[in-house]
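Shown next, in structure tokens, is the structure this report addresses.
In what follows, every chain begins at residue 1, and chains take the letters A, B, ... in the order their sequences are listed. As a basis for the values below, the full set of heavy atoms in this structure was taken, side chains included, without hydrogen atoms, waters or symmetry mates.
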Protein chains: 2
Amino acid sequence: MRSGHAPRGVSADDLTTRARIRDAAVLRFGRDGFGTPLRAIATDAAVSAGLVIHHFGTKERLREACDEHVLDQIRHAKQDNLGEASGGRFLEYLATAEQFAPVFAYVLRSLQHGGPLAATFVDHMVRDAVDYLAEGVAAGVIVPSRDEPARARYLVLSSLGAGLLAMTVDPPRDPTDLAAMMRRHVDAITLPALELYTEGFLTTRRMLDEYLLYVSDPPPAGEHAP
Amino acid sequence: MRSGHAPRGVSADDLTTRARIRDAAVLRFGRDGFGTPLRAIATDAAVSAGLVIHHFGTKERLREACDEHVLDQIRHAKQDNLGEASGGRFLEYLATAEQFAPVFAYVLRSLQHGGPLAATFVDHMVRDAVDYLAEGVAAGVIVPSRDEPARARYLVLSSLGAGLLAMTVDPPRDPTDLAAMMRRHVDAITLPALELYTEGFLTTRRMLDEYLLYVSDPPPAGEHAP
DNA sequence: CGACGGACTGAACACGCGTATAGCGTCCTG
DNA sequence: CAGGACGCTATACGCGTGTTCAGTCCGTCG
């Protein structure tokens with residue numbers, strides 16, 4: 001290999017062995033989950049298992065490095081299509097763009113297993129949704145909510161969770177075709193989602209009004225009242 | 001112990017050692033996931049690890065037994081509150097009733113990890129939702145959809161997925177308090193959900209109409225057209 | 001030019017896991 | 001009352017895992 005000894009402060013986009021290992025790990029983790037053997041990652045990177053430890057110290061630290069790198073990639077993805085597919089469509093873009101398939105698979109695995117990246121990613125999404133919804137409300141194309149942050153979080157959890165669950169319950173045979181499965185999922189839910197978003201599905205305001213009345217009165221044994 | 005030797009065809013509700021092991025397994029699997037060591041289950045059931053194998057042959061067969069038992073419990077739960085909390089509220093009941101906490105935790109783990117029970121459970125939920133929505137449409141309290149099965153599946157995936165994701169991203173410290181966390185989650189999403197269900201959140205029909213137009217025309221490179 | 005340092009390997013270690021096996025006690029059965 | 005069957009335990013085996021270690025190669029620096 002040409003590497004020689006790598007410069008200490010490896011920056012973002014280098015093809016050093018260390019980066020190759022990290023990329024292989026992102027791929028494997030995304031495909032097979034975080035239980036995947038270290039030796040499999042090593043083999044994928046054409047490297048011995050010991051070297052992985054030599055570079056990252058620990059499997060968990062390797063995962064942390066992956067988390068960080070994936071988060072960077074997401075930030076890049078977000079800038080790549082600033083305005084082109086803003087707000088609600090960014091998730092769709094990330095999920096179905098072949099280019100980001102490994103990153104998205106890794107994110108999905110993180111959401112499935114939990115951990116810091118999952119929480120960070122959801123928070124990111126919620127913050128974006130808040131902004132996006134606020135713009136929509138200001139422009140008059142989105143109806144305001146009585147609790148904007150709660151709505152943003154609800155919408156993010158729902159759409160993200162639906163996708164996650166769809167992939168978990170009916171996992172792709174060829175793990176490479178996650179993007180294709182995601183496209184199928186999006187196709188399947190777009191119509192009912194748009195229906196719900198524009199028409200709702202309750203014909204009366206009764207349930208909502210009753211709930212609003214309920215929360216305005218002190219509930220009989222409330223545990224927390226925001 | 002008093003057991004003697006158990007009758008061969010153990011029915012549903014017996015307190016034989018076999019049942020005790022199964023219950024302990026349901027609890028552990030629900031709490032700690034399916035990666036939990038067999039010996040932990042054995043200890044919980046006050047039993048040696050070998051006995052677990054003796055009764056179930058294999059860890060995976062133990063899980064299958066758990067799947068079956070949990071599915072039975074769910075069927076019982078559904079009959080318990082027939083009419084009391086029908087349709088959309090059954091999930092809420094199952095999730096927040098202390099009595100079914102272990103069962104629900106197990107279901108959630110299954111949805112997280114995938115597997116046969118997860119698919120069966122989702123299908124169950126979808127079928128119920130189809131019926132429930134049809135009744136609502138007939139009664140005039142729910143607006144009809146252009147694709148009822150798709151809507152039912154979408155609603156189930158969304159609410160189930162939202163709950164799953166909420167628990168995964170922000171897991172309960174004390175794994176016993178899953179019901180409490182679920183109540184908090186339901187509290188947090190009820191308002192935005194009801195808002196969305198009764199008012200939608202788009203002020204114009206533009207997106208929906210454009211999509212309907214789009215799907216009525218042959219898409220440029222359609223992969224499947226139902 | 002010699003020696004230091006780091007990338008890198010292959011073998012080995014320690015550990016936890018699921019499972020197999022041998023044996024023990026006790027109850028039903030003939 | 002003998003005998004077999006079954007519930008059950010304790011121990012051991014084999015395997016796969018993450019991690020460690022001694023050693024080799026090679027570029028760089030004094």
Side-chain angles (χ1 to χ4, degrees), chain A residues 1-11 13-67 69 109 113 115, chain B residues 1-11 13-67 69 109 113 115:
Chain A
M1 305 300 157
R2 100 220 12 192
S3 56
H5 76 78
R8 182 57 73 81
V10 283
S11 60
D13 51 308
D14 44 354
L15 285 148
T16 62
T17 305
R18 186 188 155 94
R20 223 176 54 239
I21 295 174
R22 169 176 42 64
D23 289 354
V26 169
L27 230 72
R28 273 280 180 183
F29 282 149
R31 276 209 232 296
D32 306 342
F34 298 102
T36 207
L38 213 63
R39 286 168 169 83
I41 299 171
T43 303
D44 287 0
V47 139
S48 78
L51 190 61
V52 179
I53 295 296
H54 173 72
H55 276 299
F56 296 92
T58 277
K59 193 186 182 185
E60 201 187 321
R61 296 243 298 277
L62 169 61
R63 181 179 167 178
E64 289 168 15
C66 290
D67 279 13
H69 180 247
R109 280 278 178 227
H113 277 72
Chain B
M1 302 301 156
R2 103 224 6 199
S3 57
H5 78 75
R8 182 58 72 82
V10 283
S11 61
D13 52 309
D14 45 352
L15 285 148
T16 62
T17 305
R18 187 189 153 94
R20 224 177 54 239
I21 295 175
R22 167 174 45 62
D23 288 353
V26 168
L27 229 72
R28 272 281 180 182
F29 282 149
R31 277 209 230 297
D32 306 341
F34 298 102
T36 207
L38 242 163
R39 286 168 169 85
I41 298 172
T43 302
D44 287 0
V47 138
S48 78
L51 190 61
V52 180
I53 295 297
H54 173 71
H55 276 301
F56 296 92
T58 275
K59 192 186 182 184
E60 201 186 322
R61 296 242 299 276
L62 169 62
R63 181 179 169 178
E64 290 169 13
C66 290
D67 279 11
H69 180 247
R109 280 282 178 223
H113 277 72

*Any donor-acceptor pair under 3.5 Å linking the side chain of B:K59 with the backbone of B:F34?*
yes
*Rounded to the nearest 0.5 Å, how far does CG of A:L38 lie from CD1 of A:I53?*
5.0 Å
*Which one, D:dG18, D:dT19, C:dG18, comes nearest to the side chain of B:L38?*
C:dG18
*State whether B:T17 places a side-chain N or O below 4.0 Å from either non-bridging phosphate oxygen (OP1 or OP2) of D:dC8.*
yes
*Tell me: CD1 of B:I41 to P of C:dT19, nearest whole Å?*
11 Å
*Between D:dC6 atom P and B:R18 atom CZ, what is the distance in whole Å?*
14 Å
*Choose from C:dT9, C:dG18, D:dC8 the nucleotide whose nearest atom is closest to any side-chain atom of A:S48.*
C:dT9
_Once hydrogens and angles are ignored, does a donor-acceptor distance under 3.5 Å link the base of D:dG18 to the side chain of A:R39?_
yes
*asked:* For A:R61, is there any backbone N or O sitting under 3.5 Å from a side-chain donor or acceptor partner on A:T58?
replied: no
*asked:* Both A:G35 and B:L51 contact DNA chain D. Which one's nearest nucleotide lies toward the 5' end?
replied: B:L51
_Whole angstrom value for the distance that separates P of C:dG18 from CZ of B:F56_ = 15 Å
*Given B:R31, B:R28, B:R39, the one that forms salt bridge (charged side-chain N to carboxylate O under 4.0 Å, His left out) with B:D44*: B:R28
*asked:* Counting only side-chain nitrogens and oxygens, does A:H54 get under 4.0 Å of the OP1 or OP2 atom of C:dC8?
replied: no
*Round to the nearest Å and state the distance from A:I21 atom CD1 to C:dT9 atom C1'.*
12 Å
*Using atom CG of B:L62 as one end and atom C1' of C:dC17 as the other, report the distance to the nearest whole Å.*
15 Å
*Minimum heavy-atom separation for B:R109 to B:F29, with atom names?*
CG-O, 3.3 Å
*Between atom CD1 in A:I53 and atom P in C:dA7, what is the gap in whole Å?*
15 Å
*Figure out the NE2/C1' separation between B:H55 and C:dT19, and round it to whole Å.*
16 Å
*How close or far is atom C1' of C:dG18 from atom CZ of B:F34, stated in whole angstroms?*
17 Å
*Want to settle it: does B:G50 or A:V47 sit nearer the 5' end of DNA chain C, counting the closest nucleotide to each?*
A:V47
*asked:* Does a side-chain N or O of B:T58 approach OP1 or OP2 of C:dG18 to a distance below 4.0 Å, or not?
replied: no
